[in-house]
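Source: prediction; values computed, not measured. So that the names make sense, note that chain A is the first sequence line, chain B the second, and so on, each numbered from 1.
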Number of protein chains: 2
Amino acid sequence: MTLTRKSLRQQIKEILLTRILQGEYQPGDRLIELQIAQEFGTSQAPVRESLRELEALGFVESIPYRGARVRAVSQQELAEVYPVRAAIEEVAARAAAARLAGDVSALEAEIAAMHRAADDGDLYAQVCHDVAFHRLIVEACGNRVLQEVWRSLRIEARTLISVVKTEIEPHQLADMHRPILEALRAGDGELAGRLLRQHVEFFGELVLKGEHA
Amino acid sequence: MTLTRKSLRQQIKEILLTRILQGEYQPGDRLIELQIAQEFGTSQAPVRESLRELEALGFVESIPYRGARVRAVSQQELAEVYPVRAAIEEVAARAAAARLAGDVSALEAEIAAMHRAADDGDLYAQVCHDVAFHRLIVEACGNRVLQEVWRSLRIEARTLISVVKTEIEPHQLADMHRPILEALRAGDGELAGRLLRQHVEFFGELVLKGEHA
DNA sequence: TGACTTTCGTTTATCGATAATTTATTCTTG
DNA sequence: CAAGAATAAATTATCGATAAACGAAAGTCA
């Protein structure tokens with residue numbers, strides 16, 4: 001009788017992903033199938049499938065017969081995400097304005113949480129709530145394809161890197177979300193979209209500037 | 001000595017994908033691992049991995065212990081692709097205008113090919129060149145992330161469905177691309193982006209209208 | 001010495017078989 | 001006859017072992 005509800009593949013994938021996101025595995029580190037299998041007391045097969053999934057998600061890259069490594073996210077790639085994000089979040093905001101019907105309480109809560117995190121000097125929490133704010137808008141838009149694309153950008157994993165490299169006053173960062181929220185409250189999707197696009201593009205430019213550091 | 005250069009997994013994946021795209025496997029059809037393995041004379045493992053990849057690509061969906069099926073693309077999903085496509089192709093066109101430096105010969109060739117296909121009444125070829133036109137712009141933009149997202153929309157697989165359901169005169173369809181080309185030739189990214197966005201949105205609306213059919 | 005070949009250890013890719021799970025079917029039992 | 005338990009059939013998930021490919025190190029010959 002197993003206590004586990006999920007498949008081994010799923011469990012292993014999640015553990016590996018956690019390790020990658022938390023930096024336990026560094027970019028470039030090799031992920032050797034049998035070695036990992038041994039650690040978890042499983043056979044090679046589920047580990048192999050996990051790695052393939054992580055490869056599809058873009059966290060790992062592998063070469064035939066040479067194995068898998070943690071993928072390094074280049075500064076260029078990081079910067080390239082922003083124009084795409086800006087464009088699809090604009091679309092999301094336009095659609096979200098109508099569907100939210102002025103109910104922006106969840107967004108309000110995220111801004112408040114950002115301020116709390118800023119007070120505590122908890123950078124990680126601040127990033128989480130920042131991302132959550134954006135995710136709420138994307139999820140409110142009702143377009144599944146858009147949501148899937150947004151998720152595929154893996155913004156959680158990348159934003160953290162960006163923020164660390166930029167130098168913005170945390171409370172100011174939180175307040176930058178307020179005009180977007182107000183536009184959504186007013187049901188003005190056109191405005192909300194434009195503001196959100198500019199907001200995201202602004203950070204894209206910050207990343208570009210940080211490139212010389 | 002094997003004649004095959006690629007891994008079994010890769011080969012099987014490609015064959016299965018072809019069958020799905022060509023409609024040999026219909027949406028909802030079950031893909032049974034051992035059955036496929038037997039057909040190709042391999043073991044279950046490479047088939048299984050192929051199915052997992054196709055699942056990640058969105059062509060197949062699977063439920064634990066219940067197997068994989070060819071994924072059905074709903075009309076809704078089809079319609080939802082267009083706003084996303086419109087947004088990212090707009091970004092692509094803006095960037096492409098600068099990088100093409102007025103060299104639109106490849107685009108010109110695709111429009112010509114569309115007309116030839118229209119003359120031949122070859123709908124499939126027409127769709128291919130239509131998609132190729134858009135792909136050329138996306139590839140010219142230089143943003144790898146954007147390209148990856150565009151590919152993930154699997155426009156080849158979906159456009160075919162759309163076109164079949166719409167009733168546009170083929171030559172007219174081809175000519176609709178010309179203003180975009182001219183804007184790119186003139187290096188006016190802003191205009192090219194706007195035109196391309198409208199162009200894609202136009203088809204999105206066609207799909208919506210066809211929904212009642 | 002230096003380019004080429006061979007050998008060896010490591011790791012992935014594939015295999016064949018078994019365990020686990022689901023669905024359908026048959027068998028109770030009231 | 002219907003509801004539920006037990007069983008059977010089909011299929012996926014996992015295993016342990018083997019084959020194939022790669023990279024590095026040792027060996028060979030001019």
Undergrad: Figure out the NZ/C1' separation between Lys13(B) and dA13(C), and round it to whole Å.
TA: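 Those two atoms, NZ and C1', are 16 Å apart.
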
Undergrad: Answer yes or no: does a side-chain N or O of Arg9(A) lie under 4.0 Å from OP1 or OP2 of dT14(D)?
TA: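 False: Arg9(A) side-chain N/O out of range (4.0 Å or more) of dT14(D) OP1/OP2.
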
Undergrad: Considering residues at least two apart in sequence or located in another chain, which fulfil the ring-ring contact (aromatic ring centres under 6.0 Å, His included) criterion with Phe59(A)?
TA: none

Undergrad: Start at the 5' end of DNA chain D and walk down; is the nucleotide closest to Gly67(B) or to Ala45(A) reached first?
TA: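 Going by which nucleotide is closer to the 5' end, it is Gly67(B).
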
Undergrad: List the residues meeting side chain to side chain donor-acceptor pair (under 3.5 Å) with Glu89(B), not counting sequence neighbours, and say none if there are none.
TA: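 Result, side chain to side chain donor-acceptor pair (under 3.5 Å) vs Glu89(B): Arg85(B), His134(B), Trp150(B).
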
Undergrad: To the nearest angstrom, how far is Glu33(B) atom CD from dA19(C) atom P?
TA: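 Interatomic distance, CD of Glu33(B) to P of dA19(C): 19 Å.
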
Undergrad: Please state whether the base of dA13(C) and the side chain of Glu49(B) form at least one donor-acceptor pair under 3.5 Å?
TA: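 Side chain to base: no pair present.
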
Undergrad: Could you work out, with side chain to side chain donor-acceptor pair (under 3.5 Å) as the rule, every residue matching Asp122(B), not counting sequence neighbours?
TA: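 Here no residue qualifies.
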
Undergrad: Applying side chain to side chain donor-acceptor pair (under 3.5 Å), name anything that partners Arg94(B), two or more places apart in sequence or on another chain.
TA: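 Partners of Arg94(B) by the side chain to side chain donor-acceptor pair (under 3.5 Å) criterion come out as none, since no residue qualifies.
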
Undergrad: Under the rule for side chain to side chain donor-acceptor pair (under 3.5 Å), what residues qualify as partners of Asp119(A), not counting sequence neighbours?
TA: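 Listed in chain order: His171(A).
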
Undergrad: For Arg52(A), enumerate each residue passing the salt bridge (Lys or Arg N to Asp or Glu O under 4.0 Å) test, keeping only those at least two apart in sequence or located in another chain.
TA: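 Only Glu55(A), Glu49(B) meet the salt bridge (Lys or Arg N to Asp or Glu O under 4.0 Å) criterion with Arg52(A).
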
Undergrad: Looking at residues at least two apart in the chain, or sitting in another chain, which of them share a salt bridge (Lys or Arg N to Asp or Glu O under 4.0 Å) with Glu33(B)?
TA: Arg48(B)

Undergrad: Measure across Val60(B) and Ala68(B) and return the closest heavy-atom pair with its distance rounded to 0.1 Å.
TA: CG1-CB, 3.6 Å

Undergrad: Which whole-number value in Å describes the distance from Gln10(A) CD to dT14(D) C1'?
TA: 15 Å

Undergrad: How bent is the helix from dT1(C)-dA30(D) to dG30(C)-dC1(D), comparing axes over its five end pairs at each side, to the nearest 10°?
TA: 10°

Undergrad: Not counting sequence neighbours, list each pair that qualifies as a salt bridge (charged side-chain N to carboxylate O under 4.0 Å, His left out) and has a residue in residues 37-46 of chain A.
TA: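 The answer is Arg19(A)-Glu39(A).
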
Undergrad: I want to verify a distance call: between dC15(D), dT14(C), dA13(D), whose nearest atom is closest to the Gln44(A) side chain?
TA: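 Nearest to the side chain of Gln44(A) among the choices is dT14(C).
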
Undergrad: Could you go over nucleotides 8-10 of chain D and give all protein N or O partners under 3.5 Å, atom names and distances?
TA:
none

Undergrad: Within the structure, does a side-chain N or O atom of Arg69(B) lie under 4.0 Å from either OP1 or OP2 of dT11(D)?
TA: no

Undergrad: State whether the side chain of Arg154(A) and the backbone N or O of Leu57(A) hold a donor-acceptor pair below 3.5 Å, judged by distance alone.
TA: yes

Undergrad: Using whole Å, report how far CD of Gln38(A) lies from C1' of dC15(D).
TA: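 Taking atom C1' of dC15(D) as the reference, CD of Gln38(A) is at 15 Å.
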
Undergrad: Give the nucleotide from the list dC15(C), dT14(D), dT12(D) with an atom nearest to the side chain of Ser43(A).
TA: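 Of the candidates, dT14(D) comes closest.
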
Undergrad: Take atom CZ of Phe40(A) and atom P of dA13(D), then tell me their distance rounded to the nearest Å.
TA: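 Computing the Phe40(A):CZ to dA13(D):P distance gives 19 Å.
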
Undergrad: Classify Leu31(A) by what it touches in the nucleic acid, base, sugar-phosphate, or nothing, heavy-atom distance under 4.0 Å.
TA: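 Since only primed, P, OP1 and OP2 atoms lie under 4.0 Å of Leu31(A), the category is sugar-phosphate.
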
Undergrad: Go through dA13(C), dT14(C), dT12(C) for me and flag the one nearest to the Pro46(B) side chain.
TA: dT14(C)

Undergrad: Output yes when a side-chain donor or acceptor of Asp103(A) lies under 3.5 Å from a complementary backbone atom of Ser105(A), and no otherwise.
TA: yes

Undergrad: Checking contacts here: which listed nucleotide (dT22(C), dT12(D), dC22(D)) is nearest the side-chain heavy atoms of Arg48(B)?
TA: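 Selected nucleotide: dT12(D).
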
Undergrad: Arg66(A) side chain: which of dC22(D), dA13(C), dC15(C) is closest?
TA: dC22(D)

Undergrad: Who passes ring-ring contact (aromatic ring centres under 6.0 Å, His included) against Phe133(B), sequence neighbours left out?
TA: His177(B)

Undergrad: Taking the nucleotide of DNA chain D with the closest heavy atom to each, which residue, Thr42(A) or Ala68(B), is nearer the 5' end?
TA: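 Looking at the nearest nucleotide for each, Ala68(B) comes out on the 5' side.
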
Undergrad: Where along residues 56-65 of chain A does a heavy atom fall under 4.0 Å from DNA chain C?
TA: Pro64(A), Tyr65(A)

